[in-house]
Amino acid sequence: MADLAIPAPEGATQVIETDYEIGQDNIQYRRRFVFELDIHNIVFCVAALSIVAFTLLTLMFQTSLGPVFADLRTFLTVNLDWFFLSVGNVFVLLCLALIVLPVGKIRLGGPEAVAEYGYVGWFAMLFAAGMGIGLMFYGVSEPMSHFTAAFDGPVVENGVRTDWAPLGGAMGDTAEARRLSMAATIFHWGLHPWAIYAIVALSLALFSYNKGLPLTLRSVFYPIFGERVWGWPGHVIDILAVFATIFGLSTSLGIGAQQASAGFEFLFGWTSTNSTMVVLILLITAIATASVVAGMDKGVKRLSEFNMLLAIALLGFVIAVGPTAQIVGGFFRNLGAYATYLPALSNPFGRDDDNFRQGWTSFYWAWWISWSPFVGMFIARVSRGRTVRELLIAVLLVPSLVSVLWMTALGGTAISQVLAGFTAARDATLELQLFQMLSQLPLTGITSFIGIILVVVFFVTSSDSGSLVIDTISAGGKVNAPVPQRVFWATFEGLVAIALLLGGGLAALQAMAVSTGFPFAIVLLGASFSLVKGLIDEPRP
């Protein structure tokens, strides 16, 4: 059974003594060469049955549930915008504090632990698992949307702003509208989301690798609940983590299917319909399932590295043949704009840009939080042997800077095209805007096809790494649970995405991400307290 647990700490660490054994509450069934099962009796059963029931009900009542999902998303983002912005700020400040404090020297896995992956493979997995599909979908559309809204300026009707401009906009000022639009975009893809991921990853890694507890969310709460964490308080935490991961991933998978389908229509003339997207999701879920069966090193790692190289190739091409000087200079100007506008953009109170704050920022923060169990645990699994400071700096800065460059190159190129008179990218639907931007560059067919491949492979890496994580949680912390369980979760990620697409489209996808993000934000605040306490107790070199 040793291979089903995490490695023991190497060197002096503050191991938590507990009578709990990984898998003691599991239901096990093994029939050699036929079928294997090793599931947590409460977490797996409650989470799996609930998700199966949700999927069936959504498919059965597609027409009536669409408006319900839309109203749910609006209610949560409108009434809880201050909460989402506030907790996002807490996570950023906590990460920055831990980087500079002496606890940053603590090594995950013990003082003698050695990193399992080199920097290239590590960075590739951090980035591919984090937000690849989102960058493909919003890389052109978000900077373009903010630029258009900021340039048009505030619109007031009956005393209420109805525009989508960030902050006060920049009416009629092209240069300032561009700075503000890029700052707002970077705000949504920079330090704040990656701080959320970093807190979860660091918490899981510390309590599993240094303190000897199972690699599940409940372990992080041992300083709060003590031995009760193995009972119902822990069951609830892990079930919430499974729900958040499933619905957060389904949002991304649905968005990826919409963009891939639009890309095929743009490139080959295939009509983009719900049926097309369902077929795409089924095919890509099958590929993701095969990758899950292959495991972390053969499946996820290789796909992540392949996708990173392909993304670098597309990014380099856009920089080389697009407005190169504008992109290179814009990278540094946009970082400056981000720093300038960051305090105002992150302020939760006293603002009147309701559509931007609630429709963009609140949704993003809830989406990132719903992804955090999956991305955080995935990062924890590949980060043993790193120091606290090394993990935080890498997770906060490397993907954030890549995101800035990506948005500057793709979004900045699209804005430059609009200013030069080409408005097709601005006027297209969100999922088509990337391909319209590429249509004005050389080798459109090749680059558009590469864009579709990137969407598909990001889809696969997100699905298979998410399945591995959910399987670990629902198996009571066992990191190498039987393959049929991974296949089950990979399959239902695709089925939930299909159900939500058919039962309300993008609004339904976003609604479920937000609805699971809210309760899990409260869980993460508790995890932050436990993390600080655990780091203080840990021996420091």
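The analysis underlying the following values was restricted to heavy atoms, covering all of them including side chains, and did not include hydrogens, waters or symmetry mates.
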Exam field: side chain N355 to backbone W164, donor-acceptor pair closer than 3.5 Å: no
Backbone N/O of I99 and side chain of R389: donor-acceptor pair under 3.5 Å: yes
Flag, side chain of W368 to backbone of H188, donor-acceptor distance under 3.5 Å: yes
Aromatic plane relationship, F363 with W367 - under 30° parallel, 30 to 60° tilted, over 60° perpendicular: parallel
Pair Y197 and F378, ring centroids less than 6.0 Å apart: no
Side-chain donor/acceptor of D81 to backbone N/O of Q358, under 3.5 Å: no
Whether E390 side chain and T387 backbone form a donor-acceptor pair below 3.5 Å: yes
Whether R218 side chain and I237 backbone form a donor-acceptor pair below 3.5 Å: no
Centroid-centroid under 6.0 Å between Y20 and W230 rings: yes
Between F91 and W194, ring centroids under 6.0 Å: no
Working for ring pair (Phe, Tyr, Trp, His ring centres under 6.0 Å), residues F187 and Y364: CA-CA 10 Å; F187 173 58; Y364 269 132; 9.4 Å; no
Backbone N/O of L215 and side chain of S219: donor-acceptor pair under 3.5 Å: no
For G168 against R161, the heavy-atom pair lying closest together: CA-NH1, 4.0 Å
Distance-only polar pair, side chains of Q14 and D537, donor-acceptor under 3.5 Å: no
Aromatic ring pairing W360/Y138, orientation class (parallel under 30°, perpendicular over 60°, tilted between): perpendicular
S261 side chain to A257 backbone, donor-acceptor under 3.5 Å: no
Backbone N/O of A380 and side chain of R384: donor-acceptor pair under 3.5 Å: no
